[in-house]
Protein chains: 2
Amino acid sequence: MLTKSSTELVRQRNSVLVLSVLRRHGALAHTEISDFTGLSSATISAITADLERAQIIEKSEQQAASGRGRPRVLLRQRRDCGYLIVVIISSDAVQYSLVDYAGKLIDRFSEERSRDPSGAARFVAAVQAGLLRILDRSRISQERVLLISISSKGLVNSTEPVLLWSPIFGSDQIDFESALRPEWQAKVILDNETLLVAAALGAREEIAKGADFRSLAALSLGHSIGLGIVRRGGQTGQEISAPNFGHMLHMAGGGLCRCGTRGCIEAYAGFYAILRSAFEVPLDTIPAKFVPVVELDKIAARARQGLRTSAFAFRQAGLALGNGLSRMLSLTERMPIAITGPGTRYYDLLRQGIEEGLGQSHIVRMEGMPEIRVVPDEPILVFEGHLNRALSVIDQDIVLSGGQGTD
Amino acid sequence: MLTKSSTELVRQRNSVLVLSVLRRHGALAHTEISDFTGLSSATISAITADLERAQIIEKSEQQAASGRGRPRVLLRQRRDCGYLIVVIISSDAVQYSLVDYAGKLIDRFSEERSRDPSGAARFVAAVQAGLLRILDRSRISQERVLLISISSKGLVNSTEPVLLWSPIFGSDQIDFESALRPEWQAKVILDNETLLVAAALGAREEIAKGADFRSLAALSLGHSIGLGIVRRGGQTGQEISAPNFGHMLHMAGGGLCRCGTRGCIEAYAGFYAILRSAFEVPLDTIPAKFVPVVELDKIAARARQGLRTSAFAFRQAGLALGNGLSRMLSLTERMPIAITGPGTRYYDLLRQGIEEGLGQSHIVRMEGMPEIRVVPDEPILVFEGHLNRALSVIDQDIVLSGGQGTD
DNA sequence: GATTTTTTTCTCGACAGTCGAGAAATTAAC
DNA sequence: GTTAATTTCTCGACTGTCGAGAAAAAAATC
C-alpha cells in the first residue's frame, strides 16, 4: 500500500540526510554539506538552524583559517546529545560499551557469562546489572541513553527485540523489550551478530564502490554458523536480513545438531561437528556443549599433515557450507561472500569442500563461482555494525521526535 | 545511500497514489479519492486538474444522481491514454493480450510455439510478428503502446528484460530489450511467471487483510517448478522476487535434471521426474523433454489405487518440495505458501511428502508448519499479476514523464 | 413554486519547504 | 589601505499541502 507524502516528510528526510552525511564525514562546513547532500545552501541553513536550536548539532570553535576568504564554520553533532549502549552477547562473555552520539567509545568492559544452563532469567538479571554498571562508571543518568543495541548469535524476531532461539539458551525466548521497559525509556533493538557483520561490510563496500554496490553476504564460522545478507534498498538505504542459515537443512536425517534436529548445516560445519567427525564419533551422538579452539587447532594441524580422517572432517564441513551457500544463491541474486569468524583460520582446509559444494548446483554452474573473500577480524565488524545501525536509528528517532521535544 | 527529497517528489508520489487508488476502486468521486488517500480535498483538486490536463484521467458523464445534494463527478482513467501488451510464454504456446489503460482486455490470441530446438532466434522473430499482429487486429498504432509485459518460466535478470535460463531454451539467453528496441519505443519488462502469481496473490491478500499482510510464497508445480515470494515493502508497496527454486540443490549428486545438473528439486518434483521415478528408470537417465499430462494422470490413478512404485514417486517429489520449502523458510521469515499450477491435481499424493520434508528442518519444528493452501487457477493469476504490475509501472512512468509530455 | 437541507466540488489564504541570487562577512594577497 | 576570494546568510519566488468556507446542484419540505 502506498502512503501519502507531505512537505513535512520532505523536511524530515532531508534532516536525516544531513545528519547521516555529518555522521559519515565528521564535522563539515555549510558548503560541504550542500555538496554531499545535493541540497541548496539555503536549505542547509534552514535545516542546520533547526537542528542547532534543538541542540542536536553545534557550531565548532573557529579553527585556524585554512585558506583565504571567510573562515568556515564547522558543524558537528553534539557529543552529549545522547548516549548509546552496545551489548554484545557471545558464547562466553557479555561485552558492554558506552558510546556517545558522535560514535566515540567512552567506556567498555566485559563480564564472563556464567555457563550454567539455568539460564534465561538469571541472564536477564545480569544484563540489567551490567547496563546499570556501565552507566554508573561514567556517571551518566539513565534518561540520557537513547538506544540500547544488543546482538547475539541465533534467531531474532524481525520486528521486536526478542531472541527466539540461540545456541546458548536454546528455545528459551528472551524478550529484551519487556525485560528493560519498566526501568529504561531507551529504545531497545536486537540484531543477529552476523547481520551486523554484513551491515558493516555493506557500508564499507558502499563507500568504496558507491552505486555499483548491490548486495553481499557475510558467513560467520565458529561454534555456530551465521549468515547475514545486505542488499541495497530503494530509498531507505540498505536492507538487511539474518536468515537461520546455520540450522538450514543440509541433509535430511543427517547428523544430530545441538538444536535437536538432524541434518542442520551446523551439524556438519560447526566446531563441535568438525571435532565429532574427526574423531569418527557416530553422527547421532549428542554434541559437545563447548569446544576449546585449541582442540580444533590440533585437528587442523593433523589435517595439514595429511591425516585422512581430520582432513575429511574439514572437507565435509566445507561441503555442507558450499551446498548451503549454493541454496542461498538459488534464492537470491549472485553476490560476493565474505567469510568471517574464528573458523577463518581453517579456511585453507575448508576451501576445497566449499567450492565443490557450491559447484554442485545449477546456479553456480551457470553464473560461475561467486567471489569469496576472507575477512578475519569479526569482533571489529560486529561493533562497527552496531554503530552504523544504532546511530542511524538514533538520527531517525531524533528527527522524528526531536523537533517538538525541545521547541 | 539516502537521497534528497523535494516538493516535486511529494507531488509525484501523491499523483501516483491517486492513480493507484483509481485503479483499485474504479471510477471515484472527488471525496472518495480524498478518503482513500488521506489527502485533503484541495490537494485532490490540484492533482486531478493536472492529470486531466495531461489527458490521463477524465470526468465521466453525469450519471443519474444517486442521492440528494450536488451530484458527484466521477473521475476515471482515460482508457485510450495508452495500451499494454501482455505476452505469456508457456511451454507449448505464446499468448498475446492487448489491454487498455484501464485494465480492460481488448483482444487476445494464442500462437502455438513450434517445438523445435533451433529456438531462440526464430522465437524472437515469432514474438515480433505476434506483437505486430495483435496491434494490427485492433488498428492501434505502435507508439500508443506504453508497455510490453512478458512472462516466462525460468530465470530472469532482475534489472533488465533478459531471460537467462528457461526450460524451453536452456541457457540460450534472450534479450527482449534489444530484440524490440529498434521498432518499439514501449518499455519492455520481463518477469518470472510464478513471481506474477505471487504478486497477484499478494495483492489479493493485501486487500483482504490490509496491514496484517506480511509476506507470501507461491509454489507452482508442473513440468518445471517455480517459486515467487512477495513481501510487504516500506514505501514502495510490495517487494517481489523469483528465486531459482526449481533448480535449487535438493540432494548433492542426485537425479539428473533437465538443466544438466544433478540433484535439483525439479529432478525429483517436475512431471518428468515423477514419471521417471514411477517407472523406476535410473535417475541418471536424460529426462523426457515433454510429458503429456494424461501420462501423469495414469500414474496418479495407480498411486491412488495403492500401487507402491507410483505412490513412492509422488512421495519423493513431495519430500524434495518440502525440504526445499523448509530451506526457503530458513532463509526468510515464516510465511504462508500457496501451491498452484497443473500439479495441484496431485496434491493429495504429494501432501504427506511435503509435510514430512518440511518437518525435517529446525525452523519448522520450532515455528510450526507454515500455512499451505492450494490455489488451482494459475493462468488467471498470471494474467492478474501482469496487470497489477504492468499498470502500476505505467502509472509511475506517466507521472514521471507525463507532466512535461503534454504541457 | 419557493425555501431549506444536504452533499459535493472548487477556491482562497495560510503555512512549510526548496531554490537561486545576491548581500554580508571575513581573511589573504597585493 | 584596497582588492580578491571564499563562505555564510538572507530574501523573494515558486511549489506543495491543508483547512475553511463559498459555490453548485439536487432532494426534501412547506
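Chain naming here is simple, since letters A, B, ... match the order of the sequence lines and numbering starts at 1 in each. Only this structure's heavy atoms are used, side chains among them; waters, hydrogens and symmetry mates stay out. Model, not experiment: these values are computed from the prediction.
Mapped onto DNA chain D by nearest heavy atom, A:H30 and B:N14 fall at different nucleotides, with A:H30 at the one closer to the 5' end. Of the two residues contacting DNA chain D, namely A:E32 and B:R11, the nearest-nucleotide position lying further toward the 5' end is that of A:E32.
For A:L75 and D:dT8, the CG to C1' distance is 10 Å, given to the nearest whole Å. The CD-P distance, from B:E8 to D:dC14, rounds to 14 Å in whole Å. Rounded to a whole Å, the CG atom of A:D50 is 17 Å from the P atom of C:dC15. A straight line from CD1 of B:I44 to C1' of D:dT17 spans 11 Å, rounded to a whole angstrom. As rounded to whole Å, 14 Å separates atom C1' of D:dT7 from atom CG of A:L28. Distance, B:I47 CD1 to C:dT11 C1': 16 Å, rounded to whole Å. Between the CG atom of A:L9 and the C1' atom of C:dA16 there is a distance of 13 Å, rounded to whole Å. Between the C1' atom of D:dT15 and the CD atom of B:Q12 lies a distance of 13 Å, rounded to the nearest Å.
At the phosphate of D:dT7, neither OP1 nor OP2 sits under 4.0 Å from any side-chain N or O atom of A:K59. At C:dC19, one or more side-chain N or O atoms of A:T43 fall inside 4.0 Å of OP1 or OP2 (strictly under the cut-off). A sub-4.0 Å separation between OP1 or OP2 of D:dC18 and a side-chain N or O of B:S40 is present. Between B:S41 and D:dG19 there is no side-chain N or O to OP1 or OP2 distance below 4.0 Å.
For B:A29, counting side-chain heavy atoms from C-beta on, the closest listed nucleotide (D:dT15, D:dC9, C:dT9) is C:dT9. When the nucleotides D:dT8, D:dT10, D:dC18 are ranked by their closest atom to the side chain of A:A42, D:dT10 comes out on top.
For the residue pair A:T31 / A:S34, no side-chain donor-acceptor distance below 3.5 Å is found, with atom types taken as modelled.
In this structure, A:K104 has no salt bridge (charged side-chain N to carboxylate O under 4.0 Å, His left out) partners at least two apart in sequence or on a different chain.
A salt bridge does not link A:E58 to A:R76: none of the charged nitrogens lies less than 4.0 Å from a carboxylate oxygen. A salt bridge links A:D50 with A:R11: the distance from a Lys NZ or Arg NE/NH1/NH2 to an Asp or Glu carboxylate oxygen falls below 4.0 Å.
Using a 4.0 Å heavy-atom criterion, one finds that B:L39 contacts the sugar-phosphate atoms exclusively. Counting non-hydrogen atoms under 4.0 angstrom, B:A46 reaches nothing in the nucleic acid.
Both tests pass for A:R23 against the ring of A:Y101: distance under 6.0 Å to the centre and angle within 45° of the axis.
Contact annotation: side chain of B:S6 to base of C:dC19, donor-acceptor pair absent below 3.5 Å.
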